[in-house]
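Inspection log for the structure reproduced underneath, given as structure tokens.
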Protein chains: 2
Amino acid sequence: MSAKITIHDVARESGVSIKTVSRVLNREPNVKADTRDRVQAAVAALNYRPNISARSLAGSKAYLIGVFFDNPSPGYVTDVQLGAIARCRQEGFHLIVEPIDSTGDVEDQVAPMLATLRMDGVILTPPLSDHPVVLAALEREGVAYVRIAPGGDIDRAPWVSMDDRLAAYEMTRHLIGLGHTDIGFIIGHPDHGASHQRHQGFIDAMRDAGLAVRDDRVEQGWFSFRSGFEAAEKLLGGADRPSAIFASNDDMALGVMAVANRMRLDLPAQLSVAGFDDTPGAKITWPQLTTVRQPIHAMAGTAADMLMHGVEREEGAPPPSRLLDFELVVRESTGQAPG
Amino acid sequence: MSAKITIHDVARESGVSIKTVSRVLNREPNVKADTRDRVQAAVAALNYRPNISARSLAGSKAYLIGVFFDNPSPGYVTDVQLGAIARCRQEGFHLIVEPIDSTGDVEDQVAPMLATLRMDGVILTPPLSDHPVVLAALEREGVAYVRIAPGGDIDRAPWVSMDDRLAAYEMTRHLIGLGHTDIGFIIGHPDHGASHQRHQGFIDAMRDAGLAVRDDRVEQGWFSFRSGFEAAEKLLGGADRPSAIFASNDDMALGVMAVANRMRLDLPAQLSVAGFDDTPGAKITWPQLTTVRQPIHAMAGTAADMLMHGVEREEGAPPPSRLLDFELVVRESTGQAPG
DNA sequence: GCTCGCCATGACAGCCTTGTCATGGCTAAG
DNA sequence: CTTAGCCATGACAAGGCTGTCATGGCGAGC
């Protein structure tokens, strides 16, 4: 509460000009070691914290990173936030969260906020990573951004992702390895770039194993529990049903399990179910879900890092981007194929 | 990208001084209607947006609201964010999210951020609503805050809550109304004020119905799926088991359902399960969970409102606070008692 | 008709920090 | 010994806005 202490106080205390204090604070060169120490001592003694508003008004950094999302999965969203914050804290940055409603007027939501609040960068989560209006607005305002798991137009801006195709490929191989030959697949939300890649991974693995991908074994979903539920009703409705179902995310897999439960199918004896994401929900079910652990935390942290340290892209070269590792998490919802 | 347009541009465009533009922007009095219109027209024409950093540096508002949380439930967290943002957007405020790790040094996490970033107010979610170090730091820095669902020390600061005791009371009555007389209860995390109130509501309802509350029918949980799972194992372990279990939140209720599933109990025919919160998970299960819908969205929105419009407390009077309505959501996980 | 007081408005000084440019001391080269 | 050039530092303006106080116009009261 006591009168805010400013850079002037520190300057006076350490007997230098405010500019020198500023240099020390910003790790600029050209400060004698001796002076630097004296200033740092004063900062510590006075418990001084630079004022963000003043910094961002005067300088080029705002110490603010934005996270845009329009994701129905709370687990995904908080994971991203936690991952980004962890990195931001270390550098004194803060996180601004901005839910965007893609069904509304996106321009109206994004443009004002970008103009009002200066941010050093924005982290885009799917499906916003591929939203043309959002990308355009960001570029128009000159705000740096990093896309998490973009679906296409990969060279447009820096991104962080994982190999969704490969992960789906390996999950499919896991099922095939358990003896499954008739596998159902539920595609994810078409606006998410990852949906396509996961689908492709499934197709590739089946093909490579010499197995047929029957059209009636593939259903379109929307990444929601309900869509998984409905897809499963179709998949499991006939007398002839697959021995395993691979859903493109956990929420849909949970929908599949709900249908299986209702049909009194024994999991995994009569039906194996696999998901994707390893959301908290994957463990909140019985049997626990076999799924793919996305490095969400790490992806968000990496994105924040890129933004804080300035995403420099060299002319002509593709933007600096990162592909992180995933992990197959085998739990109890998948088992040996019956028969 | 085009050169940032400032208040000076608007002033020039509308032929008034920047101070008058400022007056219009801030809805200050003493501006002729005619002038006001002219300024507003210029603002619209130039698509002017005031710069937040400059505003907060010069004035007393920061246009930033913080949300502190340390809540294991992602659904709860995002609900709070969404509720708060919805209100903030209308007034041009932004949301800063700050996860706090209560197991770490809280002072070290809170103090620097409060000193660096000026916020107009902070929304505290359980269990932070009752964290003494957080409250003290906020008060020391003179930052206004609103507590969501605090457990005690109710007159210390403004809060927004719902009547947890009454809700638990009504849920218990719902079960009793279905013929259940032997009901198990799982207490929530002891650090959350609501846990105690929900427990009390259960006790009161049982007592009022002339039913005994057996000690071995009450288990301590931690609001996590796992703790619900473990509590259920104890509750359902013996030959003599309750016909219904009321868990203090949905995650624990889901844990109960997992145990029931594993034991091949038929829900709700052999066991009724009730939760609390109406998180997304409540619908992501089969049968869907009977629960209490917390007005999380509204509570967060109300809290943001109080912060933006200044929580004025009159000397002597208790702080202005709000109790919002809840709703009993009866789904398929509760049914007639067997026998 | 004159003064008082209120209303609408403007001039100007901050708010706190960073960026730019100037300064003076010192080193190394000519 | 002189001077170019680098290093450490400081003075000052700028950044966009709000708060305070001053100003001029105008209607009301005497």
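Treat the numbers as computed from the prediction; the structure is a model and nothing was measured. What you see below is based on every heavy atom in this structure, not just the backbone, and it leaves out hydrogens, waters and symmetry mates. Naming: A, B, ... by sequence-line order, numbering from 1 per chain.
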For [X], report the nucleic acid contact type (base, sugar-phosphate, nothing); a contact means any heavy atom under 4.0 Å.
{"X": "A:Ser56", "result": "nothing"}
{"X": "A:Ser53", "result": "nothing"}
{"X": "B:Val21", "result": "nothing"}
{"X": "B:Asn51", "result": "sugar-phosphate"}
{"X": "A:Tyr48", "result": "sugar-phosphate"}

(Q) Salt bridge or not between B:Glu107 and B:Arg140? Use side-chain N to carboxylate O under 4.0 Å. (A)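 Salt bridge present between B:Glu107 and B:Arg140.
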
Q) Would you call B:Arg118-B:Glu141 a salt bridge at under 4.0 Å N-O? A)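 Not counted as a salt bridge, because no side-chain N and carboxylate O are separated by less than 4.0 Å.
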
Starting from [atom2] on [N], measure out to [atom1] on [X] and report it in whole angstrom.
{"X": "A:Leu117", "N": "D:dG15", "atom1": "CG", "atom2": "P", "answer": "20 Å"}
{"X": "B:Leu25", "N": "D:dC17", "atom1": "CG", "atom2": "P", "answer": "8 Å"}
{"X": "B:Arg118", "N": "D:dC17", "atom1": "CZ", "atom2": "P", "answer": "16 Å"}
{"X": "A:Leu57", "N": "D:dA13", "atom1": "CG", "atom2": "P", "answer": "17 Å"}
{"X": "B:Glu28", "N": "D:dT18", "atom1": "CD", "atom2": "P", "answer": "8 Å"}
{"X": "A:Asn30", "N": "D:dG5", "atom1": "CG", "atom2": "P", "answer": "18 Å"}

Q | B:Lys19, nearest nucleotide to its side chain (from D:dG19, D:dG15, D:dG16) | A |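 Output: D:dG19.
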
Q: Considering only heavy atoms of chain A and a distance under 4.0 Å, specify the first and last nucleotide of DNA chain C in 5' to 3' order that meet this criterion.
A: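 The contacted stretch runs from C:dC16 to C:dT20.
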
Q. Roughly how far apart are B:Ile148 CD1 and B:Ile296 CD1, rounded to 0.5 Å?
A.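 Going from CD1 on B:Ile148 over to CD1 on B:Ile296, the span is 8.5 Å.
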
(Q) Nearest 0.5 Å, please: how far is OG in B:Ser161 from CD in B:Gln294? (A)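 B:Gln294 CD to B:Ser161 OG: 8.0 Å, rounded to 0.5 Å.
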
Q | With A:Arg87 via side-chain hydrogen bond (donor to acceptor under 3.5 Å, both in side chains) - residues at least two apart | A |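 So A:Arg87 forms a side-chain hydrogen bond (donor to acceptor under 3.5 Å, both in side chains) with A:Asp305.
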
Q: Please list, chain by chain and in numerical order, all residues satisfying side-chain hydrogen bond (donor to acceptor under 3.5 Å, both in side chains) with A:Arg322, sequence neighbours excluded.
A: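 Applying side-chain hydrogen bond (donor to acceptor under 3.5 Å, both in side chains) to A:Arg322 gives none.
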
Q: Assign each of B:Ala58 and B:Thr35 to its nearest nucleotide of DNA chain C by heavy atoms, then name whichever residue's nucleotide is nearer the 5' end.
A: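 Nearest nucleotide further toward 5': that of B:Thr35.
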
Q: Would you kindly compare A:Arg55 and B:Ala54 by the position of their nearest DNA chain C nucleotide and give the one closer to the 5′ end?
A: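 Nearer the 5' end of the strand: B:Ala54.
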
Q | First of B:Arg23 and B:Ile52 reached from the 5' end of DNA chain D, by closest nucleotide | A |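 The residue whose closest nucleotide sits nearer the 5' end is B:Ile52.
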
Q: Only one of A:Asp70, A:Leu128, A:Asp101, A:Val134 passes side chain to side chain contact (heavy atoms under 4.5 Å, CB included) with A:Val106; say which it is.
A: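 Only one of A:Asp70, A:Leu128, A:Asp101, A:Val134 forms a side chain to side chain contact (heavy atoms under 4.5 Å, CB included) with A:Val106, namely A:Val134.
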
